[in-house]
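Remember, predicted model here, so these are calculated numbers, not experimental data. Residue numbers begin at 1 in each chain, while the letters A, B, ... track the order of the sequences.
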There are 2 protein chains.
Amino acid sequence: MSKLQRILSHAEQQCQINGSRLTDKRKKVLSGLLQSDRALSAYELVDYCNETYDENFAAMSVYRILEFLEQEQLVHKLNLANRYVACGHITCDHQHEVPQFLICTDCQSVKEFSISRSTLGSIKRQVEQANFHLVSEQIELNCLCKSCAAA
Amino acid sequence: MSKLQRILSHAEQQCQINGSRLTDKRKKVLSGLLQSDRALSAYELVDYCNETYDENFAAMSVYRILEFLEQEQLVHKLNLANRYVACGHITCDHQHEVPQFLICTDCQSVKEFSISRSTLGSIKRQVEQANFHLVSEQIELNCLCKSCAAA
DNA sequence: CTCTGTTATGTTACATCACAACATAATCAA
DNA sequence: TTGATTATGTTGTGATGTAACATAACAGAG
Ligand SMILES: [Zn+2]
Ligand SMILES: [Zn+2]
Ligand SMILES: [Zn+2]
Ligand SMILES: [Zn+2]
């Protein structure tokens with residue numbers, strides 16, 4: 001069983017537990033993201049799926065499917081880049097924490113990582129001091145990945 | 001002399017020093033942002049200027065003007081919200097540091113603030129450990145402002 | 001296995017967004 | 001005045017995101 005298959009079946013189980021269905025189309029969109037080494041826009045996914053699976057996804061469908069996958073924590077939306085990535089922890093059993101993302105502005109590769117609790121804590125403290133309140137611990141940072149930085 | 005006037009003339013001087021011109025149109029766009037209590041999208045600015053000054057700005061012009069104002073550090077672009085705010089430090093004489101922004105996802109009000117050097121340092125360190133490199137210290141965080149959080 | 005309500009997907013049509021490309025006008029430096 | 005540079009006008013287009021309504025697939029009750 002390939003790694004992709006393993007992740008997909010794990011995702012399917014997870015959906016069953018949540019009382020939702022990982023349909024064929026949804027699986028294809030998720031696969032697209034899983035097989036991509038970078039974050040994809042909705043329309044890139046439309047093209048990818050249509051070429052790879054000889055399907056006829058409409059943009060509308062992909063947006064709806066992405067919304068679903070996001071709710072199921074299988075996919076993350078990167079607001080800073082208006083793109084989507086597959087969650088890197090689908091096969092993990094532990095509860096998914098709110099992740100932070102490093103996005104390469106050159107090649108759109110993404111690293112899902114966790115900033116230390118203490119750093120996150122001091123960010124939150126300083127935000128509160130400024131009389132604002134974080135709506136989410138999801139933090140996105142524009143970066144260069146190692147290979148793009150070298151070039 | 002009103003506060004607005006003072007900021008504008010300060011901005012004009014700054015442009016002269018840089019060998020650029022703060023034209024009438026550019027002044028109007030900047031004024032629009034200065035008088036707004038929240039971040040505005042390019043098209044909101046188009047509408048605002050056309051209504052307020054009885055002008056006929058085209059979207060294209062506003063995009064160009066915003067690009068100019070950004071170069072002059074008079075305006076900041078918020079990538080997370082696809083909106084623009086006037087710099088809060090135009091009349092400061094000290095060198096402008098890279099700012100961080102707290103953006104209310106409800107009312108689009110924005111606080112330009114500075115995270116502590118030490119926190120910024122530890123963020124950078126953790127990013128480097130993940131083999132990425134920050135392209136900018138500009139960090140944008142989705143928040144709720146105090147009044148929106150209350151409601 | 002029907003029937004029926006719910007969920008998923010298809011289809012069409014729009015509103016918005018961001019900018020390319022070329023044209024004209026204003027400004028400046030000599 | 002002239003020529004170069006900069007700013008703005010104008011037109012057109014590709015990309016984005018979603019509303020509104022229609023049909024299909026599914027699941028559970030009877
Ligand atoms: Zn994840
Ligand atoms: Zn890269
Ligand atoms: Zn500023
Ligand atoms: Zn608010």
Figure out the [atom1]/[atom2] separation between [X] and [N], and round it to whole Å.
X	N	atom1	atom2	answer
B/Tyr63	C/dT16	OH	P	12 Å
B/Glu67	D/dA7	CD	P	11 Å
A/Gln16	D/dA27	CD	P	10 Å
B/Leu22	C/dA26	CG	P	19 Å
A/Asn18	C/dT7	CG	C1'	16 Å
B/Asp47	C/dA15	CG	P	15 Å
A/Leu66	D/dT18	CG	C1'	14 Å
B/Lys28	D/dT8	NZ	C1'	13 Å

task: Report yes or no: is there a donor-acceptor pair, N or O only, under 3.5 Å between the side chain of A/Arg64 and the base of C/dG10?
output: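 Check passes, donor-acceptor contact within cut-off.
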message: On the side chain of A/Tyr43, is there an atom forming a donor-acceptor pair with the base of D/dG14 - under 3.5 Å, no angle test?
response: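 Looking at the base of D/dG14, it does not pair with any donor or acceptor on the side chain of A/Tyr43 (distance under 3.5 Å).
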task: Of all the heavy-atom pairs spanning A/Gln100 and A/Glu137, show the shortest one and how long it is.
output: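 Heavy atoms of A/Gln100 and A/Glu137 come nearest at NE2-O, 2.9 Å.
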Using a cut-off of strictly less than 4.0 Å, decide whether [X] has a side-chain nitrogen or oxygen near OP1 or OP2 of [N].
X	N	answer
A/Ser61	C/dT9	no
B/Asn56	D/dT8	no
B/Arg26	D/dA7	yes

query: Rounded to the nearest 0.5 Å, how far apart are OG of B/Ser20 and CG of B/Leu69?
result: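 One gets 9.5 Å once the value is rounded to the nearest 0.5 Å.
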A/Thr23, nearest nucleotide to its side chain (from C/dA8, C/dC17, D/dT11):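 From the listed options, C/dA8 comes nearest.
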Nucleotide nearest B/Met60 (side chain, heavy atoms from C-beta), chosen from D/dA7, D/dT8, D/dT10: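 Nearest nucleotide to the side chain: D/dT10.
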query: Do A/Glu70 and A/His76 get their side chains close enough for a donor-acceptor pair, meaning under 3.5 Å?
result: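 On atom types as modelled, these side chains do not qualify, holding no pair under 3.5 Å.
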- prompt: Is there a side-chain hydrogen bond (donor to acceptor under 3.5 Å, both in side chains) between A/Ser114 and A/Glu97 once you walk through the steps?
  reply: CA-CA 9 Å; A/Ser114 285; A/Glu97 295 205 357; 5.2 Å; no
message: In terms of relative ring orientation, are B/Tyr53 and B/Tyr48 parallel, tilted or perpendicular, with 30° and 60° separating the classes?
response: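 It falls in the perpendicular class, over 60°.
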Residue met sooner reading DNA chain D from 5', once B/Ile65 and A/Ala42 are mapped to nucleotides: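 This one resolves to B/Ile65.
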Upstream residue (5' side of DNA chain D) when B/Arg21 and B/Ala58 are each assigned their closest nucleotide: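 Residue closer to the 5' terminus by nearest nucleotide: B/Arg21.
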